[in-house]
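This report refers to the structure that appears directly beneath it.
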Amino acid sequence: MQGPPLALTMGEPAGIGGEIAAKAWWAVRAAGPAFFLIGDPALVKDAPVALIEVPEQAAAAFPQALPVLPLPLAAPVLPGVLNPANAPAVIASIEQAVAFALAGRAGGVVTNPIQKSVLTAAGFPHPGHTEFLGELAGDGVPPVMMLACPGLRVVPVTVHLSLRAALATLTTDLIVEHGRIVAAALARDFGLARPRLAIAGLNPHAGEAGTMGREDIEVVAPAIEALRASGIEARGPYPPDTLFTPRARATYDCVLGMYHDQVLIPIKTLDMDGGVNVTLGLKIVRTSPDHGTALDIAGRGQADAGSLVAALRMAAEIAETRGKATRP
């Protein structure tokens with residue numbers, strides 16, 4: 001990776017963030033990408049730690065130890081036991097990482113999983129990482145969540161909503177907005193000159209010509225027409241149950257699904273360990289593992305760092321792609 005190291009946030013201290021940070025360092029320390037952790041050094045077990053004062057010290061330290069920019073916690077950590085007293089440090093870790101990336105001192109931000117319930121209890125007003133990052137580093141469009149692994153990229157148009165609320169929220173304009181953001185990001189961040197979007201239908205069989213609901217005719221199809229009219233290669237609506245076969249996946253670069261589980265179940269089934277959460281529509285590069293805090297196994301040494309390693313590598317690749325676009 002050319003350029004500055006990646007900034008890794010500590011995530012929920014009682015979860016597996018410290019453990020997978022250490023395991024990720026062991027996995028990439030020889031070939032990179034270099035990264036540094038913003039958090040309490042005591043969270044890191046089973047890896048040598050190099051305390052740093054500024055991000056610029058991370059690259060030199062990285063081959064020998066995991067660089068950690070210290071951010072002390074307010075209360076001792078018991079694995080698996082949530083404590084709202086530590087929520088301000090969790091939030092500060094994210095804020096510092098974003099500030100470094102905006103200033104060009106970090107090549108991108110990789111976030112360890114947070115526990116939304118404990119942050120909410122401490123007064124955190126955002127539904128999750130994506131919305132908070134949009135406030136900190138938005139680029140004039142709403143931030144969009146993409147899940148990606150080798151062979152599949154998916155974007156849910158509605159995210160953390162009940163199915164009833166998702167149906168009430170879904171509109172033609174919302175689909176069009178997401179399609180435009182996704183197409184622009186695939187070009188900028190993944191180097192795809194003409195991205196191909198596959199649009200999933202909302203209903204079984206994409207509505208079966210209206211016999212299983214008219215939303216695909218009245219809401220989804222007009223969005224596809226609008227995207228195509230703006231020069232974006234968008235096709236559908238496709239029946240969701242046949243959209244993720246190997247043959248189908250070869251025909252598109254990303255799927256837009258209408259609700260959360262419609263697209264997250266396929267990608268997590270296909271590659272849970274290699275899946276990466278990418279936030280589109282930000283001024284900075286941001287990725288994260290596609291799993292949660294895993295409180296049930298915290299402190300046991302059982303956590304798999306595969307998704308974090310994939311997130312680090314994808315962040316470095318996106319940063320490199322963006323860098324190529326700006327170099328003469």
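With Asp139 as the partner, the salt bridge (charged side-chain N to carboxylate O under 4.0 Å, His left out) test is satisfied by one option alone out of Arg188, Lys283, Arg286: Arg188.
Around CD of Glu53, the count of heavy atoms belonging to other residues, nucleotides or ligands within 6.0 Å does not exceed 12. Within 6.0 Å of CG on Asp46 lie no more than 12 heavy atoms contributed by other residues, nucleotides or ligands.
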Full working for side chain to side chain donor-acceptor pair (under 3.5 Å) between Asn112 and Glu12: CA-CA 8 Å; Asn112 263 316; Glu12 168 53 49; over 6 Å; no

Side chain to side chain contact (heavy atoms under 4.5 Å, CB included) evaluation trace for Phe244 with Val255: CA-CA 9 Å; Phe244 299 97; Val255 172; 4.0 Å; yes

Trace of the side chain to side chain contact (heavy atoms under 4.5 Å, CB included) decision for Ile52 with Val68: CA-CA 6 Å; Ile52 61 173; Val68 177; 6.0 Å; no

Derivation and outcome, side chain to side chain donor-acceptor pair (under 3.5 Å), residues Asn203 and Asp216: CA-CA 7 Å; Asn203 297 305; Asp216 293 295; 3.2 Å; yes

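Clustering ILVMFWY residues whenever any of their side-chain heavy atoms sit less than 4.5 angstrom apart, transitively, puts Val118 in the very cluster that holds Leu295. By the criterion of side-chain heavy atoms lying less than 4.5 angstrom apart, applied directly or through intervening Ile, Leu, Val, Met, Phe, Trp or Tyr residues, Ile175 is grouped together with Leu197 in one hydrophobic cluster. Grouping the Ile, Leu, Val, Met, Phe, Trp and Tyr side chains by contacts below 4.5 angstrom, directly or via other members, places Met314 apart from Leu312. Leu136 and Ile318 fall into different hydrophobic clusters, where Ile, Leu, Val, Met, Phe, Trp and Tyr are joined by side-chain heavy atoms under 4.5 Å apart, directly or via other members. A continuous path of ILVMFWY side-chain contacts below 4.5 Å connects Leu256 to Leu192, so both sit in one hydrophobic cluster.
Among all heavy-atom pairs drawn from Pro143 and Leu282, the shortest one is CB-CD2, 4.2 Å. Considering every non-hydrogen atom in both Ala298 and Ile16, the closest pair reads CA-CG2, 4.0 Å. The two residues Pro55 and Pro5 have their closest heavy-atom pair at O-CG, 3.8 Å. The two residues Leu264 and Pro156 make their nearest non-hydrogen contact at CD1-CG, 4.1 Å.
Side-chain contact between Ile94 and Phe132 is present, with heavy atoms from C-beta onward closer than 4.5 Å. Considering only heavy atoms from C-beta on, Val154 stays 4.5 Å or farther from Met146 through its side chain. When side chains are defined from C-beta on, Ile38 does not count as touching Met10, because their heavy atoms never get closer than 4.5 Å.
Checked for salt-bridge contact, Arg313 and Glu317 miss the test: no charged N lies under 4.0 Å from a carboxylate O. Using a 4.0 Å cut-off between a side-chain N of Lys or Arg and a carboxylate O of Asp or Glu, Glu233 and Arg194 qualify as a salt bridge. The pair Asp189-Arg322 meets the salt-bridge criterion, with a side-chain N (NZ, NE, NH1 or NH2) lying under 4.0 Å from an Asp/Glu carboxylate O. Comment: Arg105 engages Glu56 in a salt bridge, judged by a side-chain N to carboxylate O separation of less than 4.0 angstrom.
Between the side chain of Ser307 and the backbone N or O of Gly275, at least one donor-acceptor pair lies under 3.5 Å.
For the pair Arg153 and Tyr252, the cation does not sit on the ring face, since its NZ or CZ is not both under 6.0 Å from the ring centre and inside 45° of the axis.
Residue Thr158 holds its OG1 atom at 7.5 Å from CG of Leu174, rounded to the nearest 0.5 Å.
A perpendicular orientation is assigned to the rings of Trp25 and Phe62, their planes being inclined by more than 60° (bins at 30° and 60°).
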